Chemist: 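Below is a structure I'd like to ask you about.
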Amino acid sequence: MKQYVGLDVSQKETSVCVVDEVGQVLFEGKAKSDPGALMALLRKRAPQAERIGFET
């Protein structure tokens, strides 16, 4: 199953939304704006991410 990720990045926190190929929301949440924290979240919630887009 393809997964698509949207990240809304700010200095302290990043909002994360993961949807599948038909647009169903699989996960919505937040993580610290830290590369390690974001990678851990994406590995857990979107291991099959096809694309990742972000807004700053």
Side-chain angles (χ1 to χ4, degrees):
M1 165 178 49
K2 293 180 182 177
Q3 298 170 326
Y4 302 93
V5 180
L7 303 175
D8 187 2
V9 182
S10 68
Q11 285 186 333
K12 293 184 181 185
E13 246 182 3
T14 297
S15 295
V16 180
C17 183
V18 180
V19 298
D20 66 12
E21 53 200 11
V22 295
Q24 181 177 355
V25 176
L26 303 174
F27 173 78
E28 277 188 296
K30 294 185 178 191
K32 288 185 178 181
S33 291
D34 170 76
L38 290 170
M39 279 305 302
L41 185 136
L42 292 176
R43 283 188 179 127
K44 181 177 181 180
R45 299 294 185 165
Q48 298 174 13
E50 185 81 11
R51 291 188 182 180
I52 300 173
F54 63 93
E55 180 179 336
T56 59

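What you are looking at is a predicted structure, and each value in this text was computed from that prediction instead of being measured. Scope of the values below: all heavy atoms of this structure, side chains included, with no hydrogens, waters or symmetry mates.
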Chemist: With sequence neighbours left out, which residue pairs that include part of residues 2-12 fulfil the side chain to side chain donor-acceptor pair (under 3.5 Å) condition?
Modeler: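 Applying side chain to side chain donor-acceptor pair (under 3.5 Å) to every pair that reaches into residues 2-12, excluding sequence neighbours, yields nothing.
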Chemist: Compile the donor-acceptor pairs under 3.5 Å between side chains in residues 43-54 and protein atoms, sequence neighbours left out, one pair per line.
Modeler:
from: Q48; atom 1: OE1; to: M1; atom 2: N; distance (Å): 3.2

Chemist: Same cluster or not: are L42 and L26 linked, directly or through other Ile, Leu, Val, Met, Phe, Trp or Tyr residues, by side-chain heavy atoms under 4.5 angstrom apart?
Modeler: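 Linked within one cluster.
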Chemist: Counting only pairs under 3.5 Å, give me each side-chain donor-acceptor contact of residues 14-25, with atom names and distances, residues two or more places apart or in other chains.
Modeler:
from: T14; atom 1: OG1; to: S33; atom 2: OG; distance (Å): 2.7
from: D20; atom 1: OD1; to: V22; atom 2: N; distance (Å): 3.0
from: D20; atom 1: OD1; to: G23; atom 2: N; distance (Å): 3.1
from: D20; atom 1: OD1; to: Q24; atom 2: N; distance (Å): 2.9

Chemist: Is L41 reachable from V9 through a run of hydrophobic residues whose side-chain heavy atoms are each under 4.5 Å from the next?
Modeler: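 Linked within one cluster.
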Chemist: Test of understanding: with salt bridge (Lys or Arg N to Asp or Glu O under 4.0 Å), list the residues that count as partners of K32, not counting sequence neighbours.
Modeler: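 Expected list: none.
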Chemist: Test of understanding: with salt bridge (Lys or Arg N to Asp or Glu O under 4.0 Å), list the residues that count as partners of E13, not counting sequence neighbours.
Modeler: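 Counting only residues at least two positions away or on another chain, E13 forms a salt bridge (Lys or Arg N to Asp or Glu O under 4.0 Å) with K30.
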